[in-house]
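Both counts, for ligands and for their atoms, begin at 1 and track the order of listing. Atoms considered below: every heavy atom in the structure, side chains included; atoms not considered: hydrogens, waters and symmetry mates.
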Amino acid sequence: MTEPKVPPSLHPETLAVRLAVEKSQYGENSEALFLTSGYVQPSAQASADRFAGEEDGYTYGRAGNPTVSSFEMRLAALEGTEACIATSSGMSAITLMLFSLLKAGDHVVYSQSMFGSTIKLIGSEFARFGVTSTMVPQTDLAAWQAAIQPNTKLLFAETPTNPLTDVCDIAALADMAHNAGALLALDNCFATPVLQRPVDMGADIVMHSGTKYLDGQGRVMAGALCASEAMVLEKFLPVMKNSGMVLAPFNAWVVLKGLETLDIRMRAQSARAHELAQWLAQHPSVAKVHYPGLKSHPQHALSMKQMSNMGGAVLSFDVKAQDPEQARSRAFHVLDSLQVLSLCTNLGDTKTLLTHPASTSHGKLTEAQRQVAGIGQGLIRVAVGLEHLDDMKTDLLRGLETI
Ligand SMILES: *Cc1c(COP(=O)(O)O)cnc(C)c1O
């Protein structure tokens with residue numbers, strides 16, 4: 001759409017606060033929120049040309065909106081891709097990707113540690129339309145390779161994973177996909193482009209839940225796919241126009257403004273998470289801490305290389321216990337003792353949010369499936385926010401000291 005007046009070759013931090021569609025005639029300094037579903041056409045011929053795709057210009061809310069375009073430009077610049085398409089949520093971004101790239105008879109390889117709804121969407125919903133899939137262990141490259149078939153069109157990974165923060169090798173998976181004539185898509189929710197730019201390591205598509213760190217303050221649902229201009233314009237946009245999974249302009253405005261502080265938030269939250277992880281690892285009531293920034297993490301070296309020497313803002317830990325029943329009651333005790341931090345199913349907020357995966361995100365699994373996934377009854381996930389570290393510790397100690 002309208003090309004922005006920003007000099008080329010600026011740093012990502014600058015683009016995150018500057019890149020947007022051109023200002024209106026009023027010269028607003030903060031980007032305008034265009035709450036409109038339709039656009040008045042300058043002439044019948046211009047309208048015809050816009051509908052035919054021969055002229056730039058907005059036609060209807062399902063096909064585009066200037067506030068949404070601003071968000072798309074900014075996120076593409078941060079991820080280092082030519083283009084981006086925004087969606088109503090992270091799951092609708094994945095739905096748009098699968099609808100656009102796959103047909104009956106195609107095959108997808110993906111990690112068994114991916115986001116729960118992603119697994120259901122690929123393994124159950126798309127299976128009804130004849131798309132087959134194979135789930136593999138997150139970090140086992142040989143298993144990924146072995147799962148590839150002649151009809152494999154897509155490898156889909158997420159790193160670090162939720163809630164155990166397993167890290168997979170993006171460059172290795174990209175090579176594997178390309179050697180098989182397939183694409184690699186990467187869910188970059190946890191690391192964000194501040195820590196990790198998957199396209200720089202060979203990934204073809206970067207998927208986001210804007211609901212998480214891009215908004216950063218737990219206000220709106222949003223999603224996006226970042227990729228080449230050809231893929232966005234020729235594959236994703238036509239499906240988007242007909243399926244209508246568009247991001248609402250208001251939500252686009254919120255995530256657009258969220259991107260302005262993404263860099264400092266990620267660095268600050270990641271630093272707090274690192275300190276909290278080290279502190280928890282020393283606590284006598286804690287059996288184990290899962291955090292890529294710790295030397296004890298099985299993929300620590302790869303994580304530091306792949307994630308700009310930072311571990312991210314999510315960690316999880318197991319409380320010490322003799323059996324699953326005791327573990328569950330101890331974890332519940334820690335969560336019920338909180339007075340400041342939130343017991344809340346979300347992440348990527350400035351507020352620190354804690355969850356009990358075994359009874360929530362992974363509650364539908366059998367105990368045996370949870371054991372395989374490593375999601376014990378004593379596991380607590382902490383999505384670290386921006387509160388003072390001492391206050392986080394004091395709040396956790398309320399429960400940890402009275403177990
Ligand atoms: C939250 C999340 C999603 C789904 O995003 P929504 O915006 O909730 O639809 C996908 N992947 C990961 C890793 C997530 O954390």
Side-chain angles (χ1 to χ4, degrees), residues 68 71 75 79 84-99 108 110-126 135 138 154-168 170 184-196 198 203 205-226 240 243-248 250-252 254-255 258-259 262 266 269 273 290 292 307 312-316 344-349 351 353-355 357 360-362 373 375 381-385:
V68 176
F71 166 66
L75 186 58
E79 284 292 358
C84 168
I85 188 162
T87 59
S88 56
S89 69
M91 290 319 300
S92 63
I94 301 176
T95 305
L96 176 65
M97 175 176 75
L98 301 174
F99 258 128
V108 182
Y110 65 113
S111 158
Q112 66 191 20
S113 315
M114 289 191 89
F115 192 66
S117 295
T118 306
I119 292 178
K120 292 230 174 62
L121 184 64
I122 298 174
S124 305
E125 311 304 346
F126 272 82
M135 270 202 301
Q138 168 83 356
L154 184 71
L155 271 60
F156 191 18
E158 174 189 320
T159 180
T161 59
N162 173 31
L164 294 176
T165 71
D166 287 335
V167 170
C168 63
I170 299 172
L184 174 67
L186 205 105
D187 180 334
N188 204 23
C189 275
F190 270 54
T192 82
V194 174
L195 271 57
Q196 159 178 295
I205 302 154
V206 181
M207 172 257 143
H208 271 287
S209 165
T211 317
K212 310 294 167 53
Y213 293 100
L214 306 190
D215 167 14
Q217 290 163 73
R219 298 164 295 192
V220 298
M221 305 289 297
L225 297 172
C226 299
M240 171 62 102
S243 62
M245 294 176 273
V246 285
L247 180 59
F250 177 76
N251 291 8
V254 172
V255 283
L259 287 181
L262 180 66
M266 280 314 288
Q269 290 176 230
H290 311 267
M307 294 168 65
V314 177
L315 63 92
S316 58
C344 177
T345 308
N346 192 14
L347 62 98
D349 200 322
K351 296 180 169 69
L353 312 180
L354 287 89
T355 62
T360 56
S361 53
H362 297 71
I375 315 288
R381 184 188 78 186
V382 190
V384 178

*Of the backbone atoms (N, CA, C, O) and the side-chain heavy atoms from C-beta on, which set of S92 has a member under 4.0 Å from an atom of ligand 1: side chain, backbone, both, or neither?*
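For S92, there is no contact with ligand 1 at all, from either part.
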
*How does E158 reach ligand 1, by side chain, by backbone, by both or by neither, if only non-hydrogen atoms under 4.0 Å count?*
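For E158, the contact with ligand 1 is made by the side chain alone.
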
*For the residue pair Q196 and N188, confirm or rule out a side-chain donor-acceptor distance under 3.5 Å.*
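Checked: Q196/N188 side chains pair up, N/O donor to acceptor below 3.5 Å.
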
*Residue pair Q138 / S113, side-chain donor-acceptor N/O under 3.5 Å*: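 There is no such pair between these side chains.
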
*Can you find a non-hydrogen atom of G348 under 4.0 Å from ligand 1?*
no

*asked:* Below 4.0 Å from ligand 1: does a non-hydrogen atom of D187 turn up there or not?
replied: yes

*Mark up the atoms of ligand 1 that fall under 4.0 Å of a heavy atom belonging to S209, in ascending order.*
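Counting atoms of ligand 1 from 1, those under 4.0 Å from S209 are 1 (C), 2 (C), 3 (C), 5 (O), 6 (P), 7 (O).
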
*Atom indices of ligand 1 within 4.0 angstrom of A222 heavy atoms, with elements*: 7 (O)

_Donor-acceptor check, side chain of S124 to backbone of L121, threshold 3.5 angstrom: yes or no?_
no

*Check whether any side-chain N or O of S89 sits under 3.5 Å from a backbone N or O of A222 as a donor-acceptor pair, and report yes or no.*
no

*Do the numbers put K120 on top of the ring of Y110, so that NZ or CZ is under 6.0 Å from the six-membered ring centre and no more than 45° off the axis?*
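That pair does not qualify as a cation-pi contact.
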
*Given the rule in the side-chain contact (heavy atoms from CB on, under 4.5 Å) test, do L225 and I94 qualify, once you have shown the distances and angles that lead to the verdict?*
CA-CA 8 Å; L225 297 172; I94 301 176; over 6 Å; no

*Got an N/O contact under 3.5 Å between M91 and ligand 1?*
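Yes; at least one N/O pair falls below 3.5 Å.
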
*Please indicate whether any nitrogen or oxygen in M221 is less than 3.5 Å from any nitrogen or oxygen in ligand 1.*
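M221 vs ligand 1: no N/O contact under 3.5 Å.
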
Top protein contact for [atom], by heavy-atom distance:
atom: atom 14 (C) of ligand 1; answer: K212 NZ, 2.9 Å
atom: atom 4 (C) of ligand 1; answer: F115 CE2, 3.4 Å
atom: atom 7 (O) of ligand 1; answer: T211 OG1, 2.6 Å

*Closest approach of T355 and C344, non-hydrogen atoms and distance?*
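Heavy atoms of T355 and C344 come nearest at CG2-O, 3.2 Å.
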
*F190 ring center near Y213 ring center (under 6.0 Å)*: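 No - the distance between ring centres of F190 and Y213 does not fall below the 6.0 Å cut-off.
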
